[in-house]
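Naming: A, B, ... by sequence-line order, numbering from 1 per chain. Keep in mind that the numbers below use all heavy atoms, side chains included, and drop hydrogens, waters and symmetry copies.
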There are 4 protein chains.
Amino acid sequence: MPAANPPRARSGNRRDEAARLAVLHAADDLLAEQGFAALTVEAIARQAGVAKQTIYRWWPSKVEILLDTLVEDSAEDVPIPDSPTADGIRDYLRGFTRFLSHDPAGKVLLALLAQAEHDPGAAVGFQERYLRPRRERERELIARATEAGEISPRLGPDAAMDALLGPIVYGALTGVEFSPESVDTLFEALLRPCTRDG
Amino acid sequence: MPAANPPRARSGNRRDEAARLAVLHAADDLLAEQGFAALTVEAIARQAGVAKQTIYRWWPSKVEILLDTLVEDSAEDVPIPDSPTADGIRDYLRGFTRFLSHDPAGKVLLALLAQAEHDPGAAVGFQERYLRPRRERERELIARATEAGEISPRLGPDAAMDALLGPIVYGALTGVEFSPESVDTLFEALLRPCTRDG
Amino acid sequence: MPAANPPRARSGNRRDEAARLAVLHAADDLLAEQGFAALTVEAIARQAGVAKQTIYRWWPSKVEILLDTLVEDSAEDVPIPDSPTADGIRDYLRGFTRFLSHDPAGKVLLALLAQAEHDPGAAVGFQERYLRPRRERERELIARATEAGEISPRLGPDAAMDALLGPIVYGALTGVEFSPESVDTLFEALLRPCTRDG
Amino acid sequence: MPAANPPRARSGNRRDEAARLAVLHAADDLLAEQGFAALTVEAIARQAGVAKQTIYRWWPSKVEILLDTLVEDSAEDVPIPDSPTADGIRDYLRGFTRFLSHDPAGKVLLALLAQAEHDPGAAVGFQERYLRPRRERERELIARATEAGEISPRLGPDAAMDALLGPIVYGALTGVEFSPESVDTLFEALLRPCTRDG
DNA sequence: AAGTAATCGAGACGGTACGTCATGTCTTAGC
DNA sequence: GCTAAGACATGACGTACCGTCTCGATTACTT
């Protein structure tokens, strides 16, 4: 149904927060319920009960809408742990797996990753606003945990993170959930080599 | 340039092989030179010097065109090794990295992986015609190498392959080449645990 | 239904009369049952169980197919009377009205008249193969009847025929049957002026 | 030439009158210069410098475009006379002949009449928007002139009009102009029977 | 209190690509 | 040499979105 929104109070001079949220939620809903193909600017405007121009005024493209939701949701749902412990890192990886598989916001991440492959502009935004900031904090996490003796990675921090996250993402992209046990094994194999892995 | 093809000999009753190849090459070229966004059926037809209907007659969608090229090219450029040796597997992984990074056909793989995330139909085709057949032969490779004592994987065959390929693909998607050395390290960590590597 | 024709005996060297008739009947049937819009060469070929090329080999266009049927049918169904009598002419006009209104072949005449307005080629064929030959014999009919004192037209032979046939055709084109009584009145008014009809 | 229109002032929320006129004129021009076969929606859009969708937004089919021009032009170029005199009617018939033969808008009438024979939808529109309204006023003209003793028709008003207009239209359709003298003779024969027709 | 400015919804506009259909030309292979 | 079958280049069909634009209303700051 095309959003039986009661006509929002017309706004006036300042940006209409209700319209902003309606757009973000409409984008999320459309992606979750109809798939990326249905995620057109016109459909978002219809679903949100908003004029197309209102979208173009504030977002240069639908990718930026998705990035807005991803940045907010991932900060909340898959926070990077503060404590540089082995358990913290393990939990982070498990949480990331769950996020990709079971959280609607995880679909947004996959959609953006895919779109970045088709659209250089999307690639830049995805790098700058999601991947890079997150990677910097992951790097710091790895560094501090290594220093603390919690882990001893066989790879540099970037390669280690790619080696840990890559299988999870690849699984999600190919429709296979990378199991929590496999995540743990991966963790042991790459970050704590040659222990009596119990 | 809009394909200054000399007018192909008109074919007649049977499928025109020249037209088939022209379409496959046009699709490849457009993807490589202009990116996925430029890969429209109309552009392929223009570039190939072929009628749109000729494309729709033989391919249900542009995804199937790419799948045709991917299936042919990947069989040739990244063959799955026959000999179930550690070296064979290591070379396969290195070859796959190179394929993704430096071979135009690797772009096709990434484009299809991305498109599968946006388009359920593409996902099915990609699974059935690329991922599944390849995975079956990878599984057998792992099994035979394990049996031969060449490797002793810490994960089941599917998870192991995802853990090995995932980082390579994820790197390619995020614009980072997963280095050959890292590939080797990954190989050692996951398939030959706790040997004398320190 | 797509013509459950029993597969005609394959022909061989000479023109296949069965194919010729199948095409003519298919064209007639399609026009009568589906209207002119459905009268495509492909549909005729389907309906007749004949290859498209067989049609193009023998007829330069679908208009010529219709002309073939019209020439045959009109000669039979609306013959121009031999006897140059007032009654003969009156019957001819009545017969023409019935032909246009109630005979399927009359639809062919209207269709061709209409198509001639859209298509110069059709106009030429329609003139040469239907209108002109018929008009020549109509002219002769008028001339002989005048000479015999059966009629005394107020217009030249061509204008007289146009004045007599025009209303009938115009009525058929605009969906109104020009009534037999009106035809008679027209006949009296134009060909037998100022007699005792009041 | 593909319409070197200076970019029309973009309109905004309301219907763009310039675009409307551009479409009507383009349709007229194409019909006059290239014939009905060239009158495709795409060609009209090209010629008018207008997007195809702008045409489909306002007209359900190209027939309605032609009807728009016909209704406007015929009201101006072949007005039905107000004064119910013999001379008025005779002038109307002469004017109609000239309209069909020498006015580009007359081609539109013929094209629509022809198209109505091929396309039931066109037939309905042509009836409702051109034929019926005009016939109603013609009927009234005949009635008032009869009452005033200016004419004394030998046929009912509808049949009389068909008998007067039919030859003119039929002549135009078959490529013969029904001469003004013949029109006058027809007028005398049908509307003023048995006078000393001088 | 009037004037200015930015927002909003609505939606028309010129475009591009979609996937389908019919055209008329051509080749193959069977009789 | 005829036939059925059908591939092919061409180009129009009518639809969906794109991103830009103008409208008239609403609302808040400015004077």
- Task: Taking side-chain hydrogen bond (donor to acceptor under 3.5 Å, both in side chains) as the test, write out the residues that go with D:Q34, two or more places apart.
- Result: none
- Message: Please confirm whether the shortest side-chain N or O distance from D:R57 to OP1 or OP2 of E:dC13 is below 4.0 Å.
- Response: yes
- Task: Rounded off to whole Å, could you give me the CD1-to-P distance for the A:I44 and F:dC18 pair?
- Result: 8 Å
- Query: Who are the side-chain hydrogen bond (donor to acceptor under 3.5 Å, both in side chains) partners of A:E33, not counting sequence neighbours?
  - Reply: none
- Atom pair distance, as rounded to whole Å: CG in A:N13 and P in F:dT27: 12 Å
- Message: Name the residue from B:L109, B:L39, B:V71 that meets the side-chain contact (heavy atoms from CB on, under 4.5 Å) definition with B:L66.
- Response: B:L39
- Message: Expected output is a numbered-order residue list: members of residues 111-125 of chain D with a heavy atom under 4.0 Å from any atom of DNA chain F. What is it?
- Response: none
- Query: Rounded to whole angstroms, how far apart are CZ on D:F36 and P on F:dA12?
  - Reply: 14 Å
- Query: Heavy-atom distance under 4.5 Å between the side chains of A:W58 and A:Q53, does that happen here?
  - Reply: no
- In whole angstroms, the gap separating P of E:dT28 from CD of B:E17 amounts to 15 Å
Give every pair of a protein N or O atom and an N or O atom of nucleotides 13-17 of chain F that lie under 3.5 Å apart, one pair per line with the distance.
| from | atom 1 | to | atom 2 | distance (Å) |
| --- | --- | --- | --- | --- |
| F:dC13 | OP1 | D:V41 | N | 2.9 |
| F:dC13 | OP2 | D:V41 | N | 3.1 |
| F:dC13 | OP2 | D:E42 | N | 2.9 |
| F:dG14 | OP2 | D:Y56 | OH | 2.4 |
| F:dG14 | O5' | D:Y56 | OH | 3.4 |
| F:dG14 | N7 | D:K52 | NZ | 3.0 |
| F:dG14 | O6 | D:K52 | NZ | 2.7 |

- Euclidean distance, atom CG of residue C:L30 to atom P of E:dA22 [Å, nearest integer]: 12 Å
- Message: Suppose the criterion is side chain to side chain donor-acceptor pair (under 3.5 Å): which pairs have a residue in residues 109-126 of chain A, not counting sequence neighbours?
- Response: none
- Note on the structure: Atom CG of A:L21 and atom C1' of E:dC8 are separated, to the nearest Å, by 16 Å
- Message: If the condition is side-chain contact (heavy atoms from CB on, under 4.5 Å), which residues does B:A123 pass it with, not counting sequence neighbours?
- Response: B:A116
- Task: Would you mind reading off the distance between B:I55 atom CD1 and F:dG11 atom P, rounded to a whole angstrom?
- Result: 16 Å
- Message: Run the side-chain contact (heavy atoms from CB on, under 4.5 Å) test against B:D73 and tell me which residues pass, sequence neighbours left out.
- Response: B:D28, B:T69, B:D77, B:A105
- Message: Tell me whether the side-chain N/O atoms of A:W58 come closer than 4.0 Å to OP1 or OP2 in E:dT7.
- Response: no
- B:R129: partners by side-chain hydrogen bond (donor to acceptor under 3.5 Å, both in side chains), with sequence neighbours left out: B:E64, B:D68
- Task: State whether B:T54 places a side-chain N or O below 4.0 Å from either non-bridging phosphate oxygen (OP1 or OP2) of F:dA7.
- Result: no
- Message: What is the distance, to the nearest angstrom, from the CD1 atom on B:I65 to the C1' atom on E:dG19?
- Response: 13 Å
- Query: NA contact type, B:W59, heavy-atom cut-off 4.0 Å: base, sugar-phosphate, or nothing?
  - Reply: nothing
- Item | C:E72: partners by side-chain hydrogen bond (donor to acceptor under 3.5 Å, both in side chains), with sequence neighbours left out | C:R20
